Amino acid sequence: MGLFSIFKKGKVDERAVETDDADAARLAANSELERQRAQQSDLQREIARATAMKIDAIEAAMAADIFNEPEPAWARKPRTLPAAAAAANDGATLPLLDQYTTELLGDEDMPLEAAAAESAPIVEEIAILYSNGQAEVAEQMLLGSLPDSAQDRTVWWMLFDLYQVLGRQESFENVSIDYASQYETSPPSWVPPASADSKAREVTRGYSGVTPTLGLAGILNASVAAQLERLDGMDQKQPLRLDFSRVNGVDPEGCALLLAALKKVQAADRDLIVVGAAELAEQVRCILTIGNRDGGEAPWLLYLELLRLLNQEKEFEEASMDYCVTFEVSPPPFVAPKKVANAPRQATAAASDRFMLPAVIEGDIGTLLTAIDAYASENQVVVFDCGRLARMEFGAASALQSKVAELAGASRRVEFRDLNHLVAALMRLLGYADIARLFPHKY
């Protein structure tokens with residue numbers, strides 16, 4: 001019995017081992033299945049999260065395209081100025097942002113996308129630092145704030161403007177890549193303001209005063225000659241603002257007339273502000289055909305001149321090759337524009353001359369305020385051209401704000417056009433939007 005018991009026991013143990021092996025295999029299979037299910041679930045969650053982020057980015061881009069620059073949500077409640085503001089203003093009394101509900105309007109006069117409230121304090125501090133000449137510190141703070149700006153683009157636009165003012169094209173383009181990746185949209189183009197100097201750490205004050213404006217409208221054809229004749233009656237020493245916002249078509253003869261006028265203006269070495277040059281260039285490009293000489297050289301040469309004024313060297317060189325192939329002549333060389341500022345096409349073109357603000361407003365601005373009074377005495381609508389305005393020092397900005405309040409109190413409408421976003425942030429902080437309309441340039 002003992003011997004058989006041993007054999008029997010051995011059989012039982014062998015079956016137990018087989019059972020254990022089967023159970024282990026099943027457990028392993030189940031475990032692998034659960035692991036795969038978990039991975040699949042994680043993957044689905046990641047896909048859902050990525051999809052949601054993409055939708056958010058698209059919606060933000062759409063909102064930005066429609067509404068442009070944000071009116072900060074933080075400005076709708078009473079706020080006190082940051083500590084840095086008091087020090088910057090040497091103890092002077094500053095206006096508080098009580099019940100700040102005025103919208104920062106775009107050219108379409110529509111309410112704008114609200115900035116994220118959490119970015120407001122950093123934007124205020126950066127605006128103050130930059131206004132007092134601390135561009136490098138402002139740059140570092142802007143760069144450090146970018147990862148937290150998934151929806152609010154204010155810091156991006158401020159950084160783009162900072163690099164353009166300082167003439168740092170390589171830094172601008174590097175940030176543009178990150179911007180395009182984050183928002184899945186085309187990045188801004190490098191178009192430095194005329195006041196920028198790549199070799200200087202700071203821009204100069206430059207011209208300030210009334211800027212004669214010539215706005216062209218309709219089809220750019222032979223009839224434009226009468227409009228361009230006004231240029232001869234304008235002071236050749238003053239800057240000129242050419243507005244193409246109302247041009248809705250071109251023909252070869254009109255191209256020839258405008259090209260001659262542009263050459264004449266630049267030969268006089270006067271400052272030039274061009275509005276809507278990119279849009280006009282596109283209209284001219286649409287009538288060009290490689291190999292077709294029927295329209296003559298004027299449309300091609302005007303297209304090249306507009307690209308040069310926009311400082312788009314790459315596009316200029318490509319178009320030059322097409323011109324060379326078409327007419328079998330050497331194209332004109334690319335020469336970087338001087339004393340030229342660009343502004344995008346505007347939905348509401350200015351009907352009157354503007355007052356151009358200088359590149360830098362700082363220190364004693366008594367002379368500037370006197371000139372503004374003279375301009376305002378002849379205009380019910382006071383329009384400040386800020387296309388060249390790179391920076392306002394905090395104390396000077398406060399003094400200008402007092403003058404604007406005085407003009408607004410006399411029932412005048414006051415507008416600031418083509419603001420860069422660094423200056424616009426400071427003006428919001430000081431309460432300019434309560435008494436004037438602010439139009440930052442678009443990206």
Side-chain angles (χ1 to χ4, degrees), residues 68-69 102-110 112 193-195 206-217 227 230-231 234-235 238-246 270-277 340-361 365 367-390 392 396-397 399-421 423-424 426-428 430-442:
N68 186 37
E69 214 277 328
T102 302
E103 293 167 343
L104 186 61
L105 296 175
D107 278 331
E108 300 294 342
D109 290 351
M110 298 178 68
L112 303 172
S195 57
Y207 171 85
S208 64
V210 178
T211 307
T213 299
L214 176 62
L216 303 183
Q227 300 179 60
R230 292 179 51 203
L231 292 174
M234 295 181 177
D235 188 344
Q238 289 183 322
L240 171 67
R241 182 182 182 87
L242 280 177
D243 193 338
F244 304 131
S245 296
R246 290 291 176 267
R270 65 192 298 190
D271 291 349
L272 180 63
I273 302 95
V274 185
V275 183
V340 176
N342 283 279
R345 183 175 184 174
Q346 298 182 359
T348 53
S352 61
D353 295 341
R354 301 181 177 191
F355 187 96
M356 178 183 287
L357 293 175
V360 178
I361 299 177
I365 62 170
T367 302
L368 175 63
L369 297 180
T370 300
I372 291 173
D373 278 332
Y375 166 70
S377 66
E378 300 178 359
N379 295 274
Q380 190 62 28
V381 179
V382 178
V383 182
F384 291 106
D385 185 339
C386 306
R388 291 172 177 258
L389 178 58
M392 279 202 298
L400 179 59
Q401 195 264 359
S402 297
K403 172 58 66 176
V404 173
E406 178 185 322
L407 296 174
S411 300
R412 286 185 174 82
R413 191 176 77 194
V414 183
E415 298 180 356
F416 289 84
R417 295 268 179 169
D418 301 329
L419 284 162
N420 77 42
H421 293 275
V423 175
L426 180 67
M427 295 176 77
R428 289 196 300 263
L430 291 175
Y432 273 78
D434 288 329
I435 52 179
R437 304 177 73 189
L438 309 181
F439 294 81
H441 66 72
K442 297 180 179 180

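Note that the coordinates shown come from a computational prediction; the quantities given were computed from them, not determined experimentally. Both backbone and side-chain heavy atoms feed into the values below; hydrogens, waters and symmetry mates do not.
- Here the side chains of Cys386 and Val423 are not in contact, with every heavy-atom distance at 4.5 Å or above.
- Every residue meeting the salt bridge (charged side-chain N to carboxylate O under 4.0 Å, His left out) condition with Arg413, not counting sequence neighbours, appears here in chain and number order: Glu415.
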(request) Please lay out, stage by stage, how Ile435 and Val414 fare under the test side-chain contact (heavy atoms from CB on, under 4.5 Å). (result) CA-CA 8 Å; Ile435 52 179; Val414 183; over 6 Å; no
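- Contact annotation: the side chain of Asp271 approaches that of Arg388 to within less than 4.5 Å [non-hydrogen atoms, C-beta and beyond].
- You'll find the side chain of His421 reaches within 4.5 Å of the side chain of His441, heavy atoms only.
- Legend: salt bridge (Lys or Arg N to Asp or Glu O under 4.0 Å) pairs involving residues 401-410, not counting sequence neighbours, sorted by first then second residue: Asp373-Lys403, Lys403-Glu406.
- In terms of heavy-atom proximity, Leu430 sits nearest to Gln401 at O-NE2, 3.6 Å.
- Residues satisfying the side-chain hydrogen bond (donor to acceptor under 3.5 Å, both in side chains) test with Asp385, not counting sequence neighbours, are Arg241.
- In terms of heavy atoms, Met427 sits closest to Leu438 at CE-CD2, 3.8 Å.
- In this structure, CG on Leu240 lies 7.5 Å from OG1 on Thr213, to the nearest 0.5 angstrom.
- What you find for Val274 and Val340 is that their closest heavy atoms are CG2-CG1, 4.3 Å.
- Smallest separation of non-hydrogen atoms from Phe355 and Leu368: CE2-CD1, 3.7 Å.
- At a threshold of 4.5 Å between non-hydrogen side-chain atoms, the residues Val404 and Phe416 count as touching.
- Closest heavy-atom contact between Val383 and Tyr375: N-OH, 3.3 Å.
- In this structure, the side chains of Leu407 and Ile372 come closer than 4.5 Å at one or more pairs of heavy atoms.
- When the side-chain contact (heavy atoms from CB on, under 4.5 Å) test is applied to Ala399, the partners found at least two apart in sequence or on another chain are Ile365.
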(request) May I have the step-by-step check of side-chain contact (heavy atoms from CB on, under 4.5 Å) for Ile273 and Arg354, ending in yes or no? (result) CA-CA 11 Å; Ile273 302 95; Arg354 301 181 177 191; over 6 Å; no
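- Scanning all heavy atoms of the two residues, the minimum distance from Gln380 to Ala410 falls at NE2-O, 4.3 Å.
- Checked against ring-ring contact (aromatic ring centres under 6.0 Å, His included), Phe244 has no partners two or more places apart in sequence or in another chain.
- Taken to the nearest 0.5 Å, the CZ atom of Arg417 stands 15.5 Å off from the CG atom of Leu389.
- No donor-acceptor distance shorter than 3.5 angstrom exists from the side chain of Arg412 to the backbone of Val382, with no hydrogens or angles considered.
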